[in-house]
Amino acid sequence: MEYKVVSNIKQFALLKKNWNMVFNSRPYSVFQSFTFNYYSWKYILDNSSKNKLYIVQILEDGFPIGFFPLYIDNKNKLRFINDIHSDFCDIILSKDIDFSDLFKFILYDCKNKVIQLINLKEDSLIVNFSFANNSSNLRVSSFEKYTELKVERGIFPENCRNLLCKERSEIRRIVKKNQDCNHVIIDKSLALFPRSEILELKERMIKNGDRRDDFLPISQLNLIEMLYNNNQLEISLTRDSKIRAILFVLINSQNLLLWIDLYDRNSYTSTLYNYISYIGVKSLGVDICVNFGRGAYKWKLAKFRPEILDLYSVNIFSNKFSYLVNATTSYILMIFKLIYRKIK
């Protein structure tokens, strides 16, 4: 096994063909795609000179069999590219590898650094390795929740076994209440990216206090537009006299990830109607798996009764001392945050 480190965007661009081959070898999410990682780096992370690209290309007999999409942040931690906005992170591999050997290479090459991996699903090969090889310099723990809903082919909500009578009745009530609204699903083949409408609804949300001023910056919107233009993202919209709800959906076969939504607080049920209508259209002719992404939000649990699943974090340290320093620092920061909250 051979490892090569890609550390600049020109080298990154040359990986596209081989990256896509490895990506297509297993059912990875859009967050592991070349488009998501490349443009996350180009539009978001490369803006700071303190971030350093660190993609490990894994080769067997000179042929690429994997890519580990990392970068070094301003705290000298190795992280997945754009892990903040990625609901699911992972390495991509076309073959199984020796993770002990891979991590030894990285920690030797990046001395005195910590590998901090988040948003890993339970079936991730990294998580499986970590549980089987728990040691003094490796820590694996539950990090976050995400939710999924399996919907059979048919008419929603009758085609969803998870829903009880009360949830189905509530869904029908919401549909009836919004019968004057117009719902559409658009992709690149149907319409240009609706940037102005997105920005208009975004500003409305910020003005109403529903989001902070830094919500959906232009750099992130540029990434979303690239995914849209690459047919990896479609948009569900609900409007009457104006846009009431927008939902960005990452598409990978029949697995649909409802990623980011924008809404008008003065028309709350329009947001629900947007979700309901989207699921209804997509499940009409085929079984689907709806992924609501990170977070077990109460309103999603109440309206759709999805399955709650775990995401994991894996932290790997160069030695036990590094682990103790990190643990102590984290504990001190937690104490200061608690004190600050009480004072505030």
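Numbers here simply count residues along the sequence, with the first being 1. All values below were derived from every heavy atom in this structure, side-chain atoms included, with hydrogens, water molecules and symmetry-related copies excluded. As the structure is a computational prediction, the values presented were derived from the model and not from experiment.
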Determine whether more than 12 heavy atoms belonging to other residues, nucleotides or ligands lie under 6.0 Å from atom [atom1] of [X].
X    : atom1 : answer
I155 : CD1   : no
K111 : NZ    : yes
E158 : CD    : yes
M1   : CE    : yes
L192 : CG    : no
K52  : NZ    : no
R173 : CZ    : yes
R26  : CZ    : yes

If you compare all heavy atoms of [X] against all heavy atoms of [Y], which two are closest, and at what distance to 0.1 Å?
X    : Y    : result
I91  : F80  : N-CE2, 3.9 Å
C160 : R168 : O-NH2, 2.8 Å
N252 : S29  : ND2-CA, 4.0 Å
F304 : L163 : O-CD2, 3.3 Å

Quick one: [atom1] on [X] to [atom2] on [Y], what's the gap to the nearest 0.5 Å?
X    : Y    : atom1 : atom2 : value
I276 : K303 : CD1   : NZ    : 8.0 Å
L262 : E203 : CG    : CD    : 10.5 Å
N162 : E167 : CG    : CD    : 9.5 Å
N82  : S219 : CG    : OG    : 9.0 Å
I218 : K202 : CD1   : NZ    : 5.0 Å
L107 : F317 : CG    : CZ    : 10.5 Å

Looking only at atom types and distance, does a side-chain atom of [X] sit under 3.5 Å from a main-chain N or O of [Y], one as donor and one as acceptor?
X    : Y    : result
S94  : I65  : yes
N74  : K50  : no
N208 : R204 : yes
N159 : F156 : yes
R79  : D73  : no
S169 : K166 : no
D61  : F63  : no
N8   : Q11  : yes
Y28  : L93  : yes
N47  : Y43  : yes

So, [X] versus [Y]: side-chain donor-acceptor pair below 3.5 Å or not?
X    : Y    : value
D109 : Y54  : yes
Y278 : E234 : yes
N182 : R244 : no
S86  : N119 : no

How about [X] and [Y]: do any of their side-chain heavy atoms sit closer than 4.5 Å?
X    : Y    : result
D264 : S270 : no
R239 : I243 : yes
L216 : R211 : no
Q116 : L78  : no

Open item on the list: For Y312 together with F131, are the ring centres under 6.0 Å from each other?
Closed with: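 Centroid separation for F131 and Y312: below 6.0 Å.
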Task: Sub-6.0 Å ring centroid separation between W299 and Y275 - done: yes
Task: Partners passing ring-ring contact (aromatic ring centres under 6.0 Å, His included) against F36 (at least two apart in sequence or in another chain) - done: F31
Hydrophobic clustering (ILVMFWY, side-chain heavy atoms < 4.5 Å, transitive) - are [Y] and [X] grouped together?
X    : Y    : answer
I55  : I316 : yes
L201 : L258 : no
F88  : Y71  : yes
V281 : F292 : yes

Task: Under 4.5 Å side-chain linkage, directly or through intermediates, the cluster mates of I206 - done: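 Noted: I206 shares its cluster with no other residue.
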Name the atoms and distances for all side-chain donor-acceptor pairs under 3.5 Å in residues 140-148, with sequence neighbours left out.
residue, atom, partner, partner atom, Å
S141, OG, S313, OG, 3.2
K145, NZ, D310, OD1, 2.4
E148, OE2, N291, ND2, 3.4

TODO: Could you tell me how the ring of F105 sits relative to the ring of Y3: parallel (under 30°), tilted (30 to 60°) or perpendicular (over 60°)?
DONE: tilted
- [ ] May I ask you to decide if the ring planes of W19 and F67 are parallel, tilted or perpendicular, using 30° and 60° as cut-offs?
- [x]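 The arrangement is parallel - the two ring planes meet at less than 30°.
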- [ ] Using the ring of F12 (Phe, Tyr or Trp, six-membered ring only), decide whether K10 places NZ or CZ under 6.0 Å from its centre and within 45 degrees of its axis.
- [x]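 Ring-cation test returns no.
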